[in-house]
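What follows is one structure encoded as structure tokens, with my remarks underneath.
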Number of protein chains: 2
Amino acid sequence: MIDWDDIRYFLAVARGGSVRSAAQSLGVNHATVLRRIGQFEERLGAQMFEKLPSGYRLTEAGEEVLELAEQMRATSHQLETRVFGRDQTLRGPLRVTLAPPLATHLLMPDFADFARLHPEIEMEILSSGELANLTNREADVAIRVVYDRKTLPLNLHGLKGPDLFGGIYMSRDRLAAWRAGTPAPMRWIVISMHGVPDWAHEGEVRTTGVPFRVTDIAAQIVAARQGLGMTTLPCFVGDADPLLARVPGTALHLYGTLWLLTQGETRKTKRVRLFTEFLSRRLGAYAPLVAGLSPSRD
Amino acid sequence: MIDWDDIRYFLAVARGGSVRSAAQSLGVNHATVLRRIGQFEERLGAQMFEKLPSGYRLTEAGEEVLELAEQMRATSHQLETRVFGRDQTLRGPLRVTLAPPLATHLLMPDFADFARLHPEIEMEILSSGELANLTNREADVAIRVVYDRKTLPLNLHGLKGPDLFGGIYMSRDRLAAWRAGTPAPMRWIVISMHGVPDWAHEGEVRTTGVPFRVTDIAAQIVAARQGLGMTTLPCFVGDADPLLARVPGTALHLYGTLWLLTQGETRKTKRVRLFTEFLSRRLGAYAPLVAGLSPSRD
DNA sequence: TCCAGGCGGATCGTTTTCGCACCACCCTTG
DNA sequence: CAAGGGTGGTGCGAAAACGATCCGCCTGGA
């Protein structure tokens with residue numbers, strides 16, 4: 001009899017294209033993957049991969065197997081979510097994924113409140129890199145900013161939050177200096193991968209020279225605080241920062257709408273329901289802030 | 001991440017109803033099953049079984065999981081058969097299941113011929129107990145006696161063989177003695193679980209006393225040879241045995257039709273095709289014998 | 001009533017599996 | 001042309017899984 005878990009290894013190699021990448025995604029040593037694939041092929045009596053110097057490529061037989069293996073993976077995921085959906089106890093895990101700035105500058109206090117309110121729920125905030133996949137149960141709740149509602153995955157259930165606006169900000173000290181008539185070089189601070197947004201135009205304060213490029217939003221904010229120049233920021237970041245102020249003569253711009261996303265079976269969980277209801281209330285209170293309606297006074 | 005192989009263990013326990021029976025069907029120690037089920041429940045964070053003194057019974061959650069687990073098993077079987085169906089090499093396994101008397105008294109010489117003809121094919125004859133399940137790939141070819149064609153599984157491909165008749169036999173010596181006018185007590189020899197078939201009536205020779213019960217066909221034949229009485233036997237057994245003769249005044253009866261059964265993907269295999277074609281030819285030659293048209297002369 | 005045989009569970013050596021380090025190889029890149 | 005990062009493959013010691021065995025429990029039949 002073949003070991004069903006070998007099929008998981010097979011899928012990882014088929015997707016990763018190499019034994020080592022599969023090992024990484026599986027969280028095991030690459031030698032283990034090597035052995036499991038060998039065992040799998042031996043027990044099936046057929047070669048699933050061509051062993052090239054560049055990696056493992058599926059053979060014709062492997063392609064046929066892949067189709068059914070994917071099906072098993074889908075069933076397995078379904079099985080897990082179904083069990084998790086039945087879980088009505090408070091004690092247990094709850095994973096939330098969201099964009100880093102949302103966590104850092106807006107919602108972390110609320111997460112903390114929720115965690116204090118329900119100490120038995122093991123919260124895990126996934127705000128590291130990119131979008132976690134809800135369908136694969138990498139997270140239970142996703143908080144996303146969506147510009148076009150039609151881009152929402154259809155298999156997810158969405159709870160609409162407030163609209164989110166952004167503006168153009170600069171150091172409050174520099175703004176004071178500019179008003180006092182002592183201008184100094186003012187540059188665009190941009191995230192390298194994004195550049196200057198289309199809607200961002202200089203207001204009364206003019207920029208000079210080339211843009212100043214940073215890689216992440218944290219550095220962007222620090223640079224702005226230092227008075228290096230002006231930059232686009234979500235209102236909930238810029239307005240809440242006492243060291244920053246909106247650049248005179250600039251307008252706000254709609255970033256998108258905040259959505260609370262959950263998935264089929266897991267939504268029934270008591271933990272998920274508690275969290276989404278809690279957060280939904282909090283988001284309602286944040287509506288003016290994220291819409292840019294409560295700017296810090298000059 | 002859950003170990004997919006645990007789902008196999010889960011299925012075995014769900015079907016067997018106890019850890020020990022599952023262990024037996026899986027061919028492992030029951031402690032292993034215990035550990036795997038424990039691990040499975042722990043990783044899913046839910047109880048799949050109620051642990052009763054009488055065994056493991058599925059919980060409500062377990063029932064829901066079972067549904068998807070069965071689906072995974074189906075996919076896994078499909079995967080195996082698909083790979084096996086691609087296998088066009090001669091070297092490899094070939095498992096044949098059939099009723100014990102067919103193997104012992106009719107087809108074993110043909111199996112031997114086939115094995116000699118194709119020494120690279122590892123033949124395995126499953127004539128032990130009950131029907132192996134072709135759909136589960138417990139065997140590649142099944143040879144079955146079917147009375148009603150409608151009882152054939154629809155998912156299997158059948159190759160019709162000759163009709164199979166049975167008759168009533170007794171010891172040739174006893175028959176001679178009876179003819180010489182020296183009667184002695186004559187009993188029905190029956191397989192315990194079957195009893196005397198409806199169609200079996202005494203002929204010119206009369207039975208006395210209670211039936212003589214045996215548990216298997218081998219003992220049945222030996223008892224008949226010993227002159228204990230008369231018994232029903234397939235013609236290919238009774239007519240081929242020089243120590244047995246038909247009871248005068250009794251008729252033959254249709255047992256059923258021999259079928260060569262194969263399953264979807266595996267049928268494409270060269271080994272399976274070779275075997276079914278070979279056996280089909282041989283069965284054609286056996287048609288008169290199994291139909292009772294070549295009785296041994298008195 | 002007692003005994004046998006089914007069950008789940010725990011313990012303890014032993015076998016198997018795994019992770020680590022290392023090798024040879026290929027390719028790109030500086 | 002050499003160096004670095006990628007690939008698959010291999011040997012060895014540690015760790016985890018396993019099988020054998022024993023135990024206590026319950027049930028059904030003698």
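Worth saying up front: this structure is predicted, and the values here are computed from it rather than measured. Note that these values count all heavy atoms, side chains included, but never hydrogens, waters or copies made by symmetry. Chain naming here is simple, since letters A, B, ... match the order of the sequence lines and numbering starts at 1 in each.
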Next item on the list: Taking salt bridge (charged side-chain N to carboxylate O under 4.0 Å, His left out) as the test, write out the residues that go with B:Arg36, two or more places apart.
Entry: B:Asp3, B:Asp5, B:Asp6
Notebook entry, point to check: To the nearest Å, how far apart are B:Arg36 CZ and D:dA16 C1'?
Noted result: 12 Å
Notebook entry, point to check: Can you name the nearest heavy-atom pair linking B:Phe212 to B:Ala223, along with the distance?
Noted result: CE2-CB, 4.0 Å
Check: Can you name the side-chain contact (heavy atoms from CB on, under 4.5 Å) partners of B:Leu34, sequence neighbours left out?
Finding: B:Val19, B:Tyr56
Note to self: So for the helix from C:dT1-D:dA30 to C:dG30-D:dC1, with five pairs setting each end axis, what is the inter-axis angle to 10°?
What the structure shows: 10°
Note to self: Check the phosphate of D:dT7 against A:Ser18, side-chain N and O only, distance under 4.0 Å to OP1 or OP2. Yes or no?
What the structure shows: yes
Item checked: Ring centers of B:Phe275, B:Phe114 separated by less than 6.0 Å -> yes
Please list each protein N or O that sits under 3.5 Å from an N or O in nucleotides 20-30 of chain D, with the distance.
residue : atom : partner : partner atom : Å
D:dA20  : N7   : B:Asn29 : ND2          : 3.1

Checklist line | Distance, rounded to the nearest Å, where B:Leu26 contributes CG and D:dA17 contributes P | finding: 17 Å
Next item on the list: Can you sort out the partners of A:Glu67 under side chain to side chain donor-acceptor pair (under 3.5 Å), two or more places apart, ordered by chain and number?
Entry: B:Arg82
Checklist line | Partners passing salt bridge (charged side-chain N to carboxylate O under 4.0 Å, His left out) against B:Glu70 (at least two apart in sequence or in another chain) | finding: B:Arg73
Checklist line | Residues forming a side chain to side chain donor-acceptor pair (under 3.5 Å) with B:Thr266, sequence neighbours excluded | finding: none
Notebook entry, point to check: Is there a side-chain polar atom (N or O) of A:Ser54 under 4.0 Å from OP1 or OP2 of D:dT7?
Noted result: no
Check: Which whole-number value in Å describes the distance from B:Gln39 CD to D:dA16 P?
Finding: 12 Å
Checklist line | Listed partners of A:Lys51 passing salt bridge (charged side-chain N to carboxylate O under 4.0 Å, His left out), at least two apart | finding: A:Glu41
Next item on the list: Check the distance between D:dG8's C1' and A:Arg57's CZ and give it to me in whole angstrom.
Entry: 15 Å
Checklist line | Atom pair distance, as rounded to whole Å: CD1 in A:Ile37 and P in D:dG8 | finding: 11 Å
Item checked: Separation of C:dG8 C1' from B:Phe49 CZ (nearest whole Å) -> 13 Å
Notebook entry, point to check: With sequence neighbours left out, what residues match B:Glu42 under side-chain contact (heavy atoms from CB on, under 4.5 Å)?
Noted result: none
Notebook entry, point to check: What parts of residues 6-17 of chain B reach DNA chain C, counting only heavy atoms under 4.0 Å away?
Noted result: none
Check: Does B:Thr32 make a side-chain N or O approach to OP1 or OP2 of D:dA17 shorter than 4.0 Å?
Finding: no
Item checked: Separation of atom CD in B:Gln24 from atom C1' in D:dG19, rounded to whole Å -> 15 Å
Check: Can you name the salt bridge (charged side-chain N to carboxylate O under 4.0 Å, His left out) partners of B:Arg91, sequence neighbours left out?
Finding: B:Glu120
Notebook entry, point to check: For D:dG6, does OP1 or OP2 lie under 4.0 Å from any side-chain N or O of A:Tyr56?
Noted result: no
Item checked: With sequence neighbours excluded, residues passing side chain to side chain donor-acceptor pair (under 3.5 Å) with A:Thr231 -> A:Gln220
Notebook entry, point to check: Over how many whole Å does the gap from A:Leu34 atom CG to C:dC25 atom C1' extend?
Noted result: 15 Å
Note to self: Around atom CD of B:Glu63, are there more than 12 heavy atoms from other residues, nucleotides or ligands closer than 6.0 Å?
What the structure shows: yes
